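All remarks here apply to the structure that follows.
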Amino acid sequence: METQLFNTLTQKKETFFPQEGDKVRFYVCGPTVYDLIHIGNARVFVVFDSLRRFLEHRGWEVIMVQNFTDIDDKIIKRAEELGESPQELAERYIAEYWHDAENLKIRKATFHPRATEHIEDIIALIKILEEKGYTYEKEGDVLFDVSRFPSYGKLSRKNLDELVEGARVEARYEKKNPADFVLWKKAKPGEPSWESPWGEGRPGWHIECSAMSMKYLGPTLDIHAGGIDLIFPHHENEIAQSEAATGKPFARFFLHNGYVNIDQEKMSKSLGNIVTVRELTQKYEPSVLRLAIFSAHYRSPINLDENLLQSSRQFEERIKNFLRNIGFIEEKIKDNSALLKEDKEEYHKIDEFSRSFQEALADDFNTPQALGVLGEFLRFFNQYLSPRRGKWDLQVLEKIRDFLKMVEEILGILPGKEMEISDEAIKKLVEERERARRDKDWERADQLREEIKSRGYVVEDTPLGPRFFKMEEQ
RNA sequence: GGCGGCAUAGCCAAGUGGCUAAGGCAGAGGACUGCAAAUCCUUCAUCCUCGGUUCGAGUCCGAGUGCCGCCUCCA
(Lines give C-alpha, C1' and ligand atoms only; values in the text may rest on other atoms or scores of the structure.)
Protein backbone atom coordinates (compact mmCIF):
# COMPACT_ATOMS: atom_id res chain seq x y z
CA MET A 1 0.00 0.00 0.00
CA GLU A 2 1.34 3.40 -0.92
CA THR A 3 1.60 6.31 1.44
CA GLN A 4 -0.32 9.34 0.23
CA LEU A 5 0.26 12.78 1.64
CA PHE A 6 -1.40 16.07 0.80
CA ASN A 7 1.26 18.38 -0.55
CA THR A 8 0.61 22.08 -0.06
CA LEU A 9 2.82 22.81 -3.06
CA THR A 10 0.55 20.98 -5.46
CA GLN A 11 -2.66 21.17 -3.44
CA LYS A 12 -3.28 17.48 -3.82
CA LYS A 13 -2.52 14.09 -2.38
CA GLU A 14 0.62 12.55 -3.79
CA THR A 15 2.33 9.25 -3.29
CA PHE A 16 5.17 9.74 -0.89
CA PHE A 17 8.57 8.18 -1.25
CA PRO A 18 11.97 9.48 -0.16
CA GLN A 19 14.28 11.08 -2.71
CA GLU A 20 17.12 8.76 -1.82
CA GLY A 21 16.93 5.16 -0.65
CA ASP A 22 15.25 4.58 2.65
CA LYS A 23 16.16 7.90 4.18
CA VAL A 24 13.39 10.40 4.84
CA ARG A 25 14.59 13.92 5.45
CA PHE A 26 11.94 15.49 7.62
CA TYR A 27 12.02 19.03 9.00
CA VAL A 28 9.43 20.48 11.34
CA CYS A 29 9.39 24.10 12.43
CA GLY A 30 9.84 24.07 16.17
CA PRO A 31 8.82 26.54 18.83
CA THR A 32 10.06 30.03 19.52
CA VAL A 33 11.05 29.63 23.11
CA TYR A 34 9.68 32.69 24.84
CA ASP A 35 6.80 31.03 26.67
CA LEU A 36 5.25 27.67 27.49
CA ILE A 37 4.02 25.84 24.43
CA HIS A 38 0.29 25.96 23.80
CA ILE A 39 -2.04 23.32 22.48
CA GLY A 40 -1.66 24.68 18.96
CA ASN A 41 2.04 23.94 19.14
CA ALA A 42 1.22 20.61 20.69
CA ARG A 43 -0.91 19.64 17.73
CA VAL A 44 1.95 20.25 15.31
CA PHE A 45 4.46 18.29 17.32
CA VAL A 46 2.13 15.43 18.17
CA VAL A 47 0.86 15.03 14.62
CA PHE A 48 4.20 15.16 12.87
CA ASP A 49 5.96 13.08 15.47
CA SER A 50 3.33 10.44 14.90
CA LEU A 51 3.62 10.75 11.15
CA ARG A 52 7.32 10.15 11.59
CA ARG A 53 6.58 7.06 13.65
CA PHE A 54 4.26 5.85 10.93
CA LEU A 55 6.89 6.39 8.25
CA GLU A 56 9.34 4.44 10.36
CA HIS A 57 6.78 1.73 10.74
CA ARG A 58 6.62 1.59 6.97
CA GLY A 59 10.30 0.77 6.95
CA TRP A 60 11.91 4.10 6.25
CA GLU A 61 14.66 5.64 8.25
CA VAL A 62 13.51 9.09 9.25
CA ILE A 63 16.01 11.78 9.99
CA MET A 64 13.96 14.35 11.78
CA VAL A 65 15.00 17.87 12.56
CA GLN A 66 13.05 20.24 14.75
CA ASN A 67 14.58 23.57 15.57
CA PHE A 68 14.39 25.88 18.53
CA THR A 69 14.11 29.52 17.61
CA ASP A 70 16.05 30.87 20.53
CA ILE A 71 16.67 34.42 19.36
CA ASP A 72 14.07 36.83 17.99
CA ASP A 73 12.06 39.95 18.79
CA LYS A 74 9.58 38.20 21.04
CA ILE A 75 12.31 36.62 23.11
CA ILE A 76 14.15 39.90 23.49
CA LYS A 77 10.99 41.71 24.47
CA ARG A 78 9.89 39.09 26.94
CA ALA A 79 13.34 38.86 28.52
CA GLU A 80 13.36 42.60 28.99
CA GLU A 81 9.98 42.48 30.70
CA LEU A 82 11.12 39.74 33.03
CA GLY A 83 14.51 41.32 33.67
CA GLU A 84 16.58 38.40 32.51
CA SER A 85 18.82 37.81 29.54
CA PRO A 86 17.32 36.47 26.32
CA GLN A 87 19.67 33.50 26.60
CA GLU A 88 18.44 32.63 30.07
CA LEU A 89 14.84 32.97 29.01
CA ALA A 90 15.33 30.76 25.97
CA GLU A 91 17.21 28.19 27.97
CA ARG A 92 14.45 28.09 30.54
CA TYR A 93 11.70 27.59 27.99
CA ILE A 94 13.64 24.95 26.12
CA ALA A 95 13.70 23.04 29.38
CA GLU A 96 9.97 23.62 29.72
CA TYR A 97 9.50 22.32 26.19
CA TRP A 98 11.26 19.08 27.06
CA HIS A 99 9.03 18.73 30.04
CA ASP A 100 5.83 19.15 28.02
CA ALA A 101 7.07 17.08 25.10
CA GLU A 102 7.98 14.16 27.28
CA ASN A 103 4.68 14.44 29.04
CA LEU A 104 2.85 14.35 25.73
CA LYS A 105 4.87 11.37 24.51
CA ILE A 106 6.41 13.40 21.70
CA ARG A 107 9.64 11.70 20.80
CA LYS A 108 12.86 13.59 20.40
CA ALA A 109 13.82 14.43 16.86
CA THR A 110 17.12 13.23 15.50
CA PHE A 111 18.44 16.79 15.79
CA HIS A 112 17.16 19.82 17.67
CA PRO A 113 19.34 22.64 16.39
CA ARG A 114 19.16 26.13 17.85
CA ALA A 115 19.47 29.31 15.85
CA THR A 116 22.10 30.80 18.12
CA GLU A 117 24.35 27.79 17.63
CA HIS A 118 24.25 28.14 13.86
CA ILE A 119 25.07 31.78 13.32
CA GLU A 120 28.04 30.89 11.13
CA ASP A 121 25.91 28.71 8.89
CA ILE A 122 23.34 31.47 8.66
CA ILE A 123 25.95 34.06 7.75
CA ALA A 124 27.44 31.74 5.15
CA LEU A 125 24.03 31.30 3.57
CA ILE A 126 23.35 35.02 3.47
CA LYS A 127 26.76 35.54 1.89
CA ILE A 128 25.86 33.18 -0.91
CA LEU A 129 22.63 35.06 -1.47
CA GLU A 130 24.53 38.31 -1.47
CA GLU A 131 27.05 37.02 -4.00
CA LYS A 132 24.26 35.88 -6.23
CA GLY A 133 22.66 39.29 -6.04
CA TYR A 134 19.52 38.42 -4.12
CA THR A 135 20.07 40.89 -1.31
CA TYR A 136 20.28 44.58 -0.60
CA GLU A 137 21.01 46.58 2.50
CA LYS A 138 18.83 49.12 4.16
CA GLU A 139 19.90 50.98 7.26
CA GLY A 140 22.14 48.16 8.35
CA ASP A 141 19.64 45.38 7.66
CA VAL A 142 20.18 42.84 4.92
CA LEU A 143 17.01 42.12 2.99
CA PHE A 144 16.01 39.48 0.49
CA ASP A 145 14.88 40.95 -2.79
CA VAL A 146 11.84 38.91 -3.78
CA SER A 147 11.62 40.52 -7.19
CA ARG A 148 14.78 38.59 -8.05
CA PHE A 149 13.04 35.30 -7.34
CA PRO A 150 10.38 34.87 -10.04
CA SER A 151 8.52 31.96 -8.49
CA TYR A 152 7.97 33.81 -5.23
CA GLY A 153 4.47 33.01 -4.02
CA LYS A 154 4.26 29.52 -5.44
CA LEU A 155 3.53 27.90 -2.10
CA SER A 156 0.93 30.33 -0.81
CA ARG A 157 -0.45 31.05 -4.25
CA LYS A 158 0.01 34.74 -4.04
CA ASN A 159 1.32 37.04 -6.65
CA LEU A 160 3.58 39.91 -5.85
CA ASP A 161 1.28 42.61 -7.19
CA GLU A 162 -1.45 41.70 -4.78
CA LEU A 163 1.00 41.59 -1.96
CA VAL A 164 2.14 45.07 -2.83
CA GLU A 165 -1.37 46.36 -2.60
CA GLY A 166 -2.28 44.60 0.59
CA ALA A 167 0.94 45.02 2.47
CA ARG A 168 1.35 47.23 5.44
CA VAL A 169 3.90 50.00 5.21
CA GLU A 170 6.69 49.52 7.67
CA ALA A 171 7.70 52.48 9.72
CA ARG A 172 11.46 52.25 9.72
CA TYR A 173 12.24 52.33 6.04
CA GLU A 174 10.79 51.63 2.69
CA LYS A 175 11.56 48.27 1.12
CA LYS A 176 11.98 47.83 -2.58
CA ASN A 177 9.09 45.47 -2.40
CA PRO A 178 6.78 45.08 0.57
CA ALA A 179 7.29 41.34 0.49
CA ASP A 180 11.04 41.67 0.96
CA PHE A 181 12.12 40.26 4.25
CA VAL A 182 15.02 40.62 6.60
CA LEU A 183 17.87 38.13 6.46
CA TRP A 184 20.16 39.89 8.86
CA LYS A 185 18.94 42.41 11.36
CA LYS A 186 21.12 45.17 12.67
CA ALA A 187 21.43 45.07 16.45
CA LYS A 188 20.15 47.88 18.59
CA PRO A 189 22.29 48.81 21.57
CA GLY A 190 21.99 46.23 24.31
CA GLU A 191 20.51 43.54 22.14
CA PRO A 192 22.19 40.19 21.71
CA SER A 193 24.27 40.30 18.55
CA TRP A 194 26.91 38.57 16.52
CA GLU A 195 29.58 39.90 14.24
CA SER A 196 28.98 39.65 10.56
CA PRO A 197 30.15 41.11 7.26
CA TRP A 198 27.23 43.55 7.63
CA GLY A 199 28.03 44.58 11.18
CA GLU A 200 26.73 43.53 14.56
CA GLY A 201 23.36 41.91 14.28
CA ARG A 202 21.25 38.81 14.42
CA PRO A 203 19.49 36.55 11.96
CA GLY A 204 16.01 37.22 10.66
CA TRP A 205 13.39 34.67 11.50
CA HIS A 206 13.19 32.78 8.23
CA ILE A 207 16.84 32.26 7.48
CA GLU A 208 17.57 29.98 10.40
CA CYS A 209 15.29 27.22 9.14
CA SER A 210 16.90 27.30 5.72
CA ALA A 211 20.40 27.24 7.13
CA MET A 212 19.78 24.54 9.68
CA SER A 213 17.66 22.28 7.52
CA MET A 214 20.25 22.36 4.76
CA LYS A 215 23.05 21.73 7.22
CA TYR A 216 21.45 18.60 8.67
CA LEU A 217 19.42 17.35 5.74
CA GLY A 218 20.94 18.73 2.57
CA PRO A 219 19.53 21.10 -0.05
CA THR A 220 16.28 19.24 -0.62
CA LEU A 221 14.01 18.03 2.18
CA ASP A 222 11.59 15.20 1.66
CA ILE A 223 9.10 16.72 4.03
CA HIS A 224 8.81 20.16 5.51
CA ALA A 225 6.00 20.56 8.00
CA GLY A 226 4.42 23.10 10.28
CA GLY A 227 1.22 24.90 11.18
CA ILE A 228 -0.95 26.24 8.40
CA ASP A 229 -0.10 29.79 9.38
CA LEU A 230 3.50 29.21 8.41
CA ILE A 231 2.66 28.86 4.74
CA PHE A 232 2.93 32.58 4.41
CA PRO A 233 5.25 34.22 4.88
CA HIS A 234 7.56 31.81 6.70
CA HIS A 235 7.71 28.84 4.35
CA GLU A 236 7.31 30.99 1.28
CA ASN A 237 10.39 32.92 2.35
CA GLU A 238 12.30 29.78 3.20
CA ILE A 239 11.70 28.51 -0.30
CA ALA A 240 12.84 31.78 -1.82
CA GLN A 241 16.06 32.08 0.11
CA SER A 242 16.93 28.38 -0.04
CA GLU A 243 16.24 27.86 -3.70
CA ALA A 244 17.88 31.13 -4.61
CA ALA A 245 21.01 29.89 -2.85
CA THR A 246 21.10 26.29 -4.07
CA GLY A 247 19.15 26.32 -7.29
CA LYS A 248 17.48 23.13 -6.08
CA PRO A 249 13.96 22.48 -4.81
CA PHE A 250 13.85 23.20 -1.09
CA ALA A 251 11.29 20.58 -0.15
CA ARG A 252 9.42 17.92 -2.06
CA PHE A 253 6.44 17.82 0.29
CA PHE A 254 5.07 20.66 2.36
CA LEU A 255 2.67 19.50 5.03
CA HIS A 256 0.54 21.86 7.08
CA ASN A 257 -1.82 21.13 9.92
CA GLY A 258 -4.97 23.07 10.74
CA TYR A 259 -5.52 25.42 13.63
CA VAL A 260 -6.56 24.63 17.13
CA ASN A 261 -9.61 26.76 17.74
CA ILE A 262 -11.17 27.90 20.95
CA ASP A 263 -14.90 28.43 20.67
CA GLN A 264 -14.64 28.10 16.90
CA GLU A 265 -12.10 30.89 16.71
CA LYS A 266 -8.40 30.78 16.07
CA MET A 267 -6.39 30.64 19.22
CA SER A 268 -4.17 33.68 19.31
CA LYS A 269 -2.36 36.02 21.58
CA SER A 270 -4.45 38.99 20.55
CA LEU A 271 -7.70 37.23 21.40
CA GLY A 272 -6.22 36.18 24.69
CA ASN A 273 -7.50 32.65 24.36
CA ILE A 274 -4.25 30.77 24.59
CA VAL A 275 -4.37 27.44 26.38
CA THR A 276 -1.02 25.96 27.36
CA VAL A 277 -0.16 22.31 27.35
CA ARG A 278 0.79 22.71 30.98
CA GLU A 279 -2.72 23.80 31.92
CA LEU A 280 -4.43 21.09 30.00
CA THR A 281 -2.30 18.19 31.13
CA GLN A 282 -3.07 19.02 34.72
CA LYS A 283 -6.62 18.05 33.98
CA TYR A 284 -6.27 15.45 31.25
CA GLU A 285 -3.86 12.61 30.69
CA PRO A 286 -1.54 12.92 27.72
CA SER A 287 -3.15 9.96 26.01
CA VAL A 288 -6.51 11.74 26.28
CA LEU A 289 -5.11 14.89 24.70
CA ARG A 290 -3.53 12.83 21.95
CA LEU A 291 -6.79 11.02 21.32
CA ALA A 292 -8.56 14.35 21.04
CA ILE A 293 -5.95 15.62 18.59
CA PHE A 294 -6.27 12.49 16.48
CA SER A 295 -10.05 12.62 16.49
CA ALA A 296 -9.96 15.13 13.64
CA HIS A 297 -7.90 14.94 10.47
CA TYR A 298 -4.68 16.90 10.89
CA ARG A 299 -5.53 19.39 8.16
CA SER A 300 -8.92 20.31 9.61
CA PRO A 301 -9.37 22.87 12.29
CA ILE A 302 -10.10 21.38 15.68
CA ASN A 303 -11.92 22.74 18.68
CA LEU A 304 -10.12 21.31 21.68
CA ASP A 305 -12.87 22.03 24.16
CA GLU A 306 -14.11 20.30 27.29
CA ASN A 307 -16.71 18.46 25.30
CA LEU A 308 -14.17 16.85 23.01
CA LEU A 309 -11.73 16.16 25.82
CA GLN A 310 -14.40 14.51 27.94
CA SER A 311 -15.52 12.35 25.10
CA SER A 312 -11.91 11.40 24.40
CA ARG A 313 -11.46 10.55 28.04
CA GLN A 314 -14.44 8.21 27.90
CA PHE A 315 -13.01 6.50 24.86
CA GLU A 316 -9.72 6.13 26.63
CA GLU A 317 -11.58 4.57 29.54
CA ARG A 318 -12.83 1.94 27.14
CA ILE A 319 -9.30 1.27 25.97
CA LYS A 320 -8.23 0.86 29.58
CA ASN A 321 -10.99 -1.62 30.17
CA PHE A 322 -9.92 -3.54 27.13
CA LEU A 323 -6.43 -3.78 28.57
CA ARG A 324 -7.91 -5.05 31.83
CA ASN A 325 -9.98 -7.56 29.92
CA ILE A 326 -7.06 -9.04 28.07
CA GLY A 327 -4.82 -8.90 31.12
CA PHE A 328 -7.40 -10.81 33.13
CA ILE A 329 -7.76 -13.57 30.57
CA GLU A 330 -4.01 -13.86 30.16
CA GLU A 331 -3.70 -14.22 33.89
CA LYS A 332 -6.38 -16.92 34.00
CA ILE A 333 -5.08 -19.10 31.22
CA LYS A 334 -1.44 -18.82 32.18
CA ASP A 335 -1.28 -22.12 34.03
CA ASN A 336 -4.47 -23.69 32.88
CA SER A 337 -4.35 -25.57 29.62
CA ALA A 338 -8.00 -26.51 30.05
CA LEU A 339 -8.81 -22.99 28.92
CA LEU A 340 -6.96 -23.28 25.64
CA LYS A 341 -8.15 -23.93 22.14
CA GLU A 342 -7.30 -22.83 18.64
CA ASP A 343 -9.15 -19.86 17.17
CA LYS A 344 -8.18 -19.47 13.55
CA GLU A 345 -10.83 -17.00 12.53
CA GLU A 346 -9.95 -14.49 15.23
CA TYR A 347 -6.30 -14.95 14.45
CA HIS A 348 -6.81 -13.84 10.88
CA LYS A 349 -9.25 -11.12 11.85
CA ILE A 350 -6.42 -9.25 13.52
CA ASP A 351 -4.58 -9.03 10.22
CA GLU A 352 -7.62 -7.41 8.69
CA PHE A 353 -7.82 -4.81 11.43
CA SER A 354 -4.13 -4.21 11.17
CA ARG A 355 -4.34 -3.65 7.45
CA SER A 356 -7.31 -1.31 7.74
CA PHE A 357 -5.57 0.66 10.43
CA GLN A 358 -2.50 1.16 8.29
CA GLU A 359 -4.48 1.88 5.19
CA ALA A 360 -6.21 4.69 7.01
CA LEU A 361 -2.90 6.22 8.03
CA ALA A 362 -1.40 5.66 4.60
CA ASP A 363 -4.19 7.83 3.20
CA ASP A 364 -2.88 11.25 4.17
CA PHE A 365 -2.54 10.19 7.79
CA ASN A 366 -6.24 9.80 8.38
CA THR A 367 -6.20 9.34 12.13
CA PRO A 368 -9.99 9.62 12.69
CA GLN A 369 -10.44 6.70 10.37
CA ALA A 370 -7.67 4.77 12.09
CA LEU A 371 -9.37 5.39 15.42
CA GLY A 372 -12.57 4.08 13.87
CA VAL A 373 -10.74 0.85 13.11
CA LEU A 374 -9.52 0.76 16.68
CA GLY A 375 -13.11 1.14 17.88
CA GLU A 376 -14.23 -1.80 15.80
CA PHE A 377 -11.26 -3.80 16.99
CA LEU A 378 -12.16 -3.15 20.61
CA ARG A 379 -15.73 -4.26 20.13
CA PHE A 380 -14.79 -7.41 18.24
CA PHE A 381 -12.19 -8.55 20.72
CA ASN A 382 -14.10 -7.54 23.81
CA GLN A 383 -16.52 -10.20 22.69
CA TYR A 384 -13.66 -12.62 22.28
CA LEU A 385 -12.30 -11.77 25.71
CA SER A 386 -15.59 -12.22 27.49
CA PRO A 387 -14.97 -14.50 30.50
CA ARG A 388 -18.06 -16.42 29.51
CA ARG A 389 -16.38 -17.66 26.37
CA GLY A 390 -14.44 -20.19 28.37
CA LYS A 391 -11.52 -21.00 26.05
CA TRP A 392 -8.94 -18.92 24.26
CA ASP A 393 -6.01 -19.18 21.91
CA LEU A 394 -2.68 -17.96 23.25
CA GLN A 395 -1.54 -17.01 19.78
CA VAL A 396 -4.60 -14.83 19.32
CA LEU A 397 -3.88 -13.09 22.60
CA GLU A 398 -0.32 -12.49 21.54
CA LYS A 399 -1.48 -11.09 18.26
CA ILE A 400 -3.90 -8.76 19.98
CA ARG A 401 -0.95 -7.53 22.01
CA ASP A 402 1.03 -7.01 18.80
CA PHE A 403 -1.78 -4.97 17.35
CA LEU A 404 -2.00 -2.81 20.44
CA LYS A 405 1.75 -2.39 20.40
CA MET A 406 1.63 -1.18 16.83
CA VAL A 407 -1.13 1.30 17.66
CA GLU A 408 0.90 2.54 20.58
CA GLU A 409 4.11 2.82 18.60
CA ILE A 410 2.45 4.99 16.00
CA LEU A 411 -0.20 6.98 17.83
CA GLY A 412 0.95 6.77 21.44
CA ILE A 413 -2.57 6.76 22.81
CA LEU A 414 -2.54 3.82 25.16
CA PRO A 415 -2.71 4.61 28.84
CA GLY A 416 0.60 4.31 30.62
CA LYS A 417 -0.05 1.64 33.16
CA GLU A 418 -2.17 -1.44 33.28
CA MET A 419 -3.76 -2.93 36.33
CA GLU A 420 -1.34 -4.19 38.84
CA ILE A 421 -2.32 -6.33 41.73
CA SER A 422 0.20 -6.03 44.47
CA ASP A 423 -1.79 -4.98 47.49
CA GLU A 424 -2.03 -8.03 49.76
CA ALA A 425 -4.56 -6.40 52.05
CA ILE A 426 -6.91 -5.84 49.12
CA LYS A 427 -6.39 -9.39 47.95
CA LYS A 428 -7.46 -10.64 51.36
CA LEU A 429 -10.60 -8.50 51.29
CA VAL A 430 -11.48 -9.79 47.84
CA GLU A 431 -11.05 -13.36 48.99
CA GLU A 432 -13.15 -12.71 52.04
CA ARG A 433 -15.83 -11.24 49.83
CA GLU A 434 -15.73 -14.35 47.69
CA ARG A 435 -16.39 -16.51 50.71
CA ALA A 436 -19.32 -14.28 51.66
CA ARG A 437 -20.66 -14.55 48.13
CA ARG A 438 -20.35 -18.31 48.21
CA ASP A 439 -22.40 -18.28 51.39
CA LYS A 440 -24.85 -15.96 49.70
CA ASP A 441 -24.25 -13.41 52.39
CA TRP A 442 -24.94 -10.52 50.02
CA GLU A 443 -24.99 -7.93 52.72
CA ARG A 444 -21.51 -8.85 53.84
CA ALA A 445 -20.32 -9.05 50.23
CA ASP A 446 -21.59 -5.57 49.43
CA GLN A 447 -20.10 -4.26 52.63
CA LEU A 448 -16.72 -5.64 51.61
CA ARG A 449 -17.04 -4.18 48.15
CA GLU A 450 -17.57 -0.78 49.75
CA GLU A 451 -14.58 -1.35 51.98
CA ILE A 452 -12.46 -2.22 48.95
CA LYS A 453 -13.77 0.81 47.13
CA SER A 454 -12.95 3.11 50.01
CA ARG A 455 -9.37 1.90 49.70
CA GLY A 456 -9.32 2.94 46.08
CA TYR A 457 -9.99 -0.34 44.31
CA VAL A 458 -12.77 -1.61 42.09
CA VAL A 459 -13.80 -5.23 42.29
CA GLU A 460 -15.77 -6.90 39.52
CA ASP A 461 -17.26 -10.38 39.43
CA THR A 462 -16.85 -12.61 36.41
CA PRO A 463 -17.57 -16.27 35.64
CA LEU A 464 -13.84 -16.81 36.03
CA GLY A 465 -13.80 -15.29 39.47
CA PRO A 466 -13.40 -11.73 40.70
CA ARG A 467 -10.97 -9.24 39.30
CA PHE A 468 -9.93 -5.95 40.79
CA PHE A 469 -7.90 -2.93 39.91
CA LYS A 470 -6.93 0.42 41.29
CA MET A 471 -9.23 3.31 40.54
CA GLU A 472 -7.76 6.34 38.85
CA GLU A 473 -8.08 9.73 40.37
CA GLN A 474 -9.25 12.42 38.02
C1' G B 1 -10.83 44.19 -1.97
C1' G B 2 -7.88 39.50 -3.50
C1' C B 3 -7.33 34.24 -2.32
C1' G B 4 -8.61 29.62 0.22
C1' G B 5 -11.25 26.10 3.37
C1' C B 6 -15.53 24.06 5.58
C1' A B 7 -21.11 22.82 6.04
C1' U B 8 -22.73 14.73 7.49
C1' A B 9 -27.22 12.31 13.73
C1' G B 10 -27.94 15.83 20.36
C1' C B 11 -22.20 16.66 20.25
C1' C B 12 -17.29 15.20 17.83
C1' A B 13 -15.98 13.00 13.20
C1' A B 14 -14.68 9.55 8.74
C1' G B 15 -16.47 9.05 3.95
C1' U B 16 -14.05 12.03 -2.64
C1' G B 17 -19.75 8.25 -8.03
C1' G B 18 -22.49 2.43 -6.75
C1' C B 19 -23.63 -3.26 -1.45
C1' U B 20 -27.14 -1.72 4.79
C1' A B 21 -23.64 6.72 5.20
C1' A B 22 -17.33 4.20 9.65
C1' G B 23 -15.99 5.18 14.58
C1' G B 24 -16.27 7.91 19.31
C1' C B 25 -19.24 10.54 23.15
C1' A B 26 -24.15 11.23 25.07
C1' G B 27 -29.35 9.05 25.21
C1' A B 28 -33.08 4.90 25.12
C1' G B 29 -34.22 -0.34 25.46
C1' G B 30 -32.31 -5.28 26.31
C1' A B 31 -28.82 -9.57 27.57
C1' C B 32 -25.48 -10.95 31.41
C1' U B 33 -25.09 -10.14 37.16
C1' G B 34 -27.44 -11.88 43.92
C1' C B 35 -26.93 -6.52 43.15
C1' A B 36 -23.23 -3.97 40.60
C1' A B 37 -19.21 -3.04 37.26
C1' A B 38 -17.27 -4.35 32.73
C1' U B 39 -18.85 -6.29 28.13
C1' C B 40 -22.16 -7.35 24.27
C1' C B 41 -26.84 -6.67 21.43
C1' U B 42 -30.70 -3.37 19.57
C1' U B 43 -32.04 1.63 18.66
C1' C B 44 -30.69 7.00 17.13
C1' A B 45 -28.86 10.85 9.96
C1' U B 46 -31.44 10.25 3.26
C1' C B 47 -25.65 14.19 4.43
C1' C B 48 -27.14 23.44 4.53
C1' U B 49 -30.70 25.20 0.19
C1' C B 50 -31.89 25.28 -4.99
C1' G B 51 -30.63 23.77 -9.87
C1' G B 52 -27.60 20.57 -13.11
C1' U B 53 -24.42 16.22 -14.96
C1' U B 54 -25.16 10.76 -14.53
C1' C B 55 -28.30 4.48 -15.15
C1' G B 56 -26.72 6.10 -10.18
C1' A B 57 -24.24 11.88 -6.00
C1' G B 58 -23.06 13.13 0.80
C1' U B 59 -19.26 12.33 -2.96
C1' C B 60 -18.84 15.95 -9.61
C1' C B 61 -20.60 21.09 -11.75
C1' G B 62 -23.25 25.96 -10.99
C1' A B 63 -25.81 29.45 -7.92
C1' G B 64 -27.18 30.81 -3.03
C1' U B 65 -26.81 30.92 2.39
C1' G B 66 -23.85 30.37 6.74
C1' C B 67 -19.22 29.75 9.43
C1' C B 68 -13.85 30.05 9.48
C1' G B 69 -9.07 31.33 7.77
C1' C B 70 -4.89 33.75 4.89
C1' C B 71 -3.20 38.42 2.61
C1' U B 72 0.53 41.45 9.26
C1' C B 73 3.93 38.47 14.46
C1' C B 74 1.68 33.68 14.83
C1' A B 75 1.95 26.42 15.32
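Lettering follows sequence order; numbering is per chain, from 1. What you see is a predicted model, and the numbers here were worked out from it, not measured in a lab.
Between the C1' atoms of B:C47 and B:A22, the separation comes to 14 Å (whole Å).
For A:Glu359, there are no salt bridge (Lys or Arg N to Asp or Glu O under 4.0 Å) partners at least two apart in sequence or on another chain. Judged as a side chain to side chain contact (heavy atoms under 4.5 Å, CB included), and not counting sequence neighbours, the contacts of A:Thr69 are A:Thr32, A:Asn67, A:Asp72, A:Trp205, A:Glu208. A search for side chain to side chain contact (heavy atoms under 4.5 Å, CB included) contacts involving A:Glu443 returns A:Asp441, not counting sequence neighbours. Considering only residues two or more places apart in sequence or on other chains, A:Arg290 meets the salt bridge (Lys or Arg N to Asp or Glu O under 4.0 Å) condition with none of them.
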Step by step, work out the side chain to side chain contact (heavy atoms under 4.5 Å, CB included) result for A:Ile413 and A:Val407. CA-CA 8 Å; A:Ile413 50 173; A:Val407 171; 3.9 Å; yes
Across nucleotides 17-28 of chain B, 5' to 3', mark each nucleotide with B, S or - according to how protein heavy atoms within less than 4.0 Å reach it. -----BSSSS--
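A straight line from CD of A:Gln66 to P of B:A75 spans 12 Å, rounded to a whole angstrom. A straight line from CD1 of A:Ile452 to C1' of B:A37 spans 13 Å, rounded to a whole angstrom.
Residue side chain A:Asp229 does not reach the base of B:G69 through any donor-acceptor N/O pair under 3.5 Å, judged by distance alone. On a pure distance criterion of 3.5 Å, a polar donor-acceptor pair joins the side chain of A:Arg433 and the base of B:G34. On a pure distance criterion of 3.5 Å, no polar donor-acceptor pair joins the side chain of A:Arg467 and the base of B:A38.
Near-neighbour residues of RNA chain B inside residues 95-115 of chain A, defined by a heavy atom below 4.0 Å, are absent.
Listed nucleotides B:A38, B:A14, B:A75 differ in distance to A:Asn366; the shortest reach to its side chain belongs to B:A14.
A:Glu191 and A:Lys77 are not joined by a salt bridge, as no carboxylate oxygen comes within less than 4.0 angstrom of a charged side-chain nitrogen. We find that A:Glu316 and A:Lys320 are joined by a salt bridge, their nearest charged nitrogen and carboxylate oxygen being less than 4.0 Å apart.
Among the heavy atoms of the strands lying under 4.0 Å from A:Asp446 is at least one base atom, whether or not backbone atoms are also near. Residue A:Gln383 is in sugar-phosphate contact alone, with no base atom involved, counting any heavy-atom pair closer than 4.0 Å across all strands shown.
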